[in-house]
Structure formats: structure tokens, C-alpha cells
Amino acid sequence: MCEKPIPPNEWRTIVENVPIVSVDLVVKHDGGILLGMRENEPAKGEWFVPGGTVLKGESLTDAVHRVATEELGVDVTINDRLGTFEHFYDTSEVDGIDSKHYVATAFVVTPDTNKLNPDTQHSRFQVFEPPYETVHPYVERYLEKLD
């Protein structure tokens, strides 16, 4: 398995030329869905689910566990797979590249503990309950598929 970060110059080439395979975590927590206020592009300043790029040689489920550990500071139990979605953005965190394309598989998960230790990609986390307002349209698509 190749679980090493992608060097910045190679990441630039990837973002500029190909869709990014990723996992998104729809985190059931405290009676609702845990969302983070994004601190970086794309979707900066939006309530969004935790998520991240799948690394070469990494299974989708291994990516879910790695992303949960990196972004929430805890492991999770995978409850369901909502499906695969395409996300098109007209922004990017890479200077000079004005778009980003994700092919994201969304998983419904629950944290294995209530003591979350969020990363710096989010300024804060908040639990949202229906009706889900003020969330990013891509997050709305996930929430519409929940039971």
C-alpha cells in the first residue's frame, strides 16, 4: 500500500489534469450529522463532511479509516455506503488552477468514541439535525440519501 503524501508539484499536475478519487464521511454523531466549517478550498467557508483523497494502493474502506483518524482524531465504524458522486468546483487550493473535480464515494460512519480531536482543515465542527440548512449542496445530496 502506498500511504505517503503526494509531493506538491505532482499534486498540482493531478489537480490540473485528472479527477481526484476520494472518500467522504457522513458522520452520525449526537443525534445528527457532524459537519465541519472548511478552512481551505474547495468549499472554503462552507459546512461540509470530512473527507480526503484515496491514496494509490489504498482500499476505499482503508481510506475511510485513515481520513477519520486524520480529520477527526478517532477511528470510525462504517455503517453504510451511500454511493459515488461527482463534485465539480470552480476553485482549488492550488495557485493558478481554478477548478477541481472529485469522484467521491460517501460512507455513513459513527465514531468509535465521543472524544473527537478535529484537525486544522476545519475551524469548528457542529452537529446538524433535519431540516439541514446552511450546508453545501453536495452535502445535501448525501443527506437526502440517508434512511
Side-chain angles (χ1 to χ4, degrees), residues 1-30 32-128 132 135-146:
M1 184 159 32
C2 174
E3 287 193 29
K4 61 182 182 179
I6 300 167
N9 63 325
E10 293 177 25
W11 181 245
R12 177 182 186 77
T13 300
I14 291 167
V15 172
E16 192 169 31
N17 293 290
V18 298
I20 298 157
V21 177
S22 64
V23 293
D24 279 346
L25 284 58
V26 179
V27 182
K28 288 190 171 185
H29 185 67
D30 287 342
I33 301 299
L34 184 77
L35 300 177
M37 178 58 71
R38 296 228 357 125
E39 285 295 303
N40 54 346
E41 294 292 358
K44 182 177 181 174
E46 299 271 356
W47 289 106
F48 213 90
V49 295
T53 303
V54 177
L55 301 175
K56 184 174 181 177
E58 183 177 46
S59 71
L60 292 175
T61 57
D62 285 346
V64 166
H65 292 289
R66 177 183 51 79
V67 168
T69 300
E70 290 174 358
E71 296 198 12
L72 301 173
V74 298
D75 198 10
V76 294
T77 298
I78 297 173
N79 302 314
D80 196 9
R81 185 176 176 166
L82 294 179
T84 301
F85 302 78
E86 285 192 293
H87 298 178
F88 296 93
Y89 297 96
D90 59 2
T91 60
S92 162
E93 82 286 3
V94 180
D95 288 338
I97 299 177
D98 61 359
S99 66
K100 206 163 185 184
H101 177 190
Y102 283 95
V103 177
T105 301
F107 291 85
V108 178
V109 302
T110 51
D112 290 349
T113 179
N114 281 333
K115 295 203 176 238
L116 303 179
N117 186 20
D119 69 346
T120 59
Q121 288 190 52
H122 307 91
S123 61
R124 65 189 185 279
F125 280 89
Q126 181 176 320
V127 175
F128 285 75
Y132 300 106
V135 301
H136 192 280
Y138 290 146
V139 173
E140 286 179 7
R141 289 175 30 200
Y142 295 158
L143 300 178
E144 288 170 358
K145 290 187 123 327
L146 292 177

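- Here the OG1 atom belonging to T110 is positioned 10.0 Å from the CD1 atom belonging to I78, to the nearest 0.5 angstrom.
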(message) The test is side chain to side chain contact (heavy atoms under 4.5 Å, CB included); show your working for L25 and E71 and say whether it passes.
(response) CA-CA 10 Å; L25 284 58; E71 296 198 12; over 6 Å; no
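- When atom types are taken as modelled, the side chain of R81 and the backbone of G83 share no donor-acceptor pair closer than 3.5 angstrom.
- To the nearest 0.5 Å, atom CD1 of residue I14 and atom CG of residue N9 are 9.5 Å apart.
- Side chains of D112 and T77: a donor on one and an acceptor on the other come within 3.5 Å.
- V15 and S99 get closest at one heavy-atom pair: CG1-O, 3.8 Å.
- For K28 against V108, the heavy-atom pair with the smallest separation is CE-CG1, 3.8 Å.
- Residues I6 and E10 come closest through the heavy atom pair CG2-CB, 3.8 Å.
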(message) Could you walk me through whether T105 and V54 satisfy the side chain to side chain contact (heavy atoms under 4.5 Å, CB included) test, starting with their C-alpha distance in whole Å, then the side-chain angles of each, then the deciding distance to 0.1 Å, before giving a yes or no?
(response) CA-CA 10 Å; T105 301; V54 177; over 6 Å; no
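- Around the CG atom of N17, the shell of radius 6.0 Å holds more than 12 heavy atoms that belong to other residues, nucleotides or ligands.
- A 4.5 Å side-chain heavy-atom check between N40 and Q121 finds at least one atom pair inside the cut-off.
- The backbone N or O of A43 sits nowhere less than 3.5 Å from a side-chain atom of E46 that would complete a donor-acceptor pair.
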(request) Before giving the answer on side chain to side chain contact (heavy atoms under 4.5 Å, CB included), spell out for N114 and H29 the whole-Å C-alpha distance, their side-chain angles and the decisive distance to 0.1 Å. (result) CA-CA 8 Å; N114 281 333; H29 185 67; 3.5 Å; yes
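- Between Y89 and H136, the angle of the ring planes lies from 30° to 60°, which puts this pair in the tilted group.
- The two residues N79 and V109 make their nearest non-hydrogen contact at ND2-C, 3.5 Å.
- The shortest heavy-atom contact between V139 and V49 is CG2-N, 3.9 Å.
- Partners of E70 by salt bridge (Lys or Arg N to Asp or Glu O under 4.0 Å), not counting sequence neighbours, listed by chain and number: R66.
- Side-chain contact between V26 and D24: absent, with no pair of heavy atoms (C-beta onward) separated by less than 4.5 Å.
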(request) Go through the steps for V27 and V76 under the test side chain to side chain contact (heavy atoms under 4.5 Å, CB included), then give the verdict. (result) CA-CA 9 Å; V27 182; V76 294; 5.6 Å; no
(request) Start with the C-alpha gap between Y142 and F85, add the side-chain angles, then the distance that decides, and say whether ring-ring contact (aromatic ring centres under 6.0 Å, His included) holds. (result) CA-CA 9 Å; Y142 295 158; F85 302 78; 4.8 Å; yes
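- Counting heavy atoms from C-beta outward, W47 and R124 have side chains that approach closer than 4.5 Å.
- In terms of heavy atoms, P111 sits closest to L116 at CB-CD2, 4.0 Å.
- Using a 4.0 Å cut-off between charged nitrogen and carboxylate oxygen, K100 and E93 count as a salt-bridge pair.
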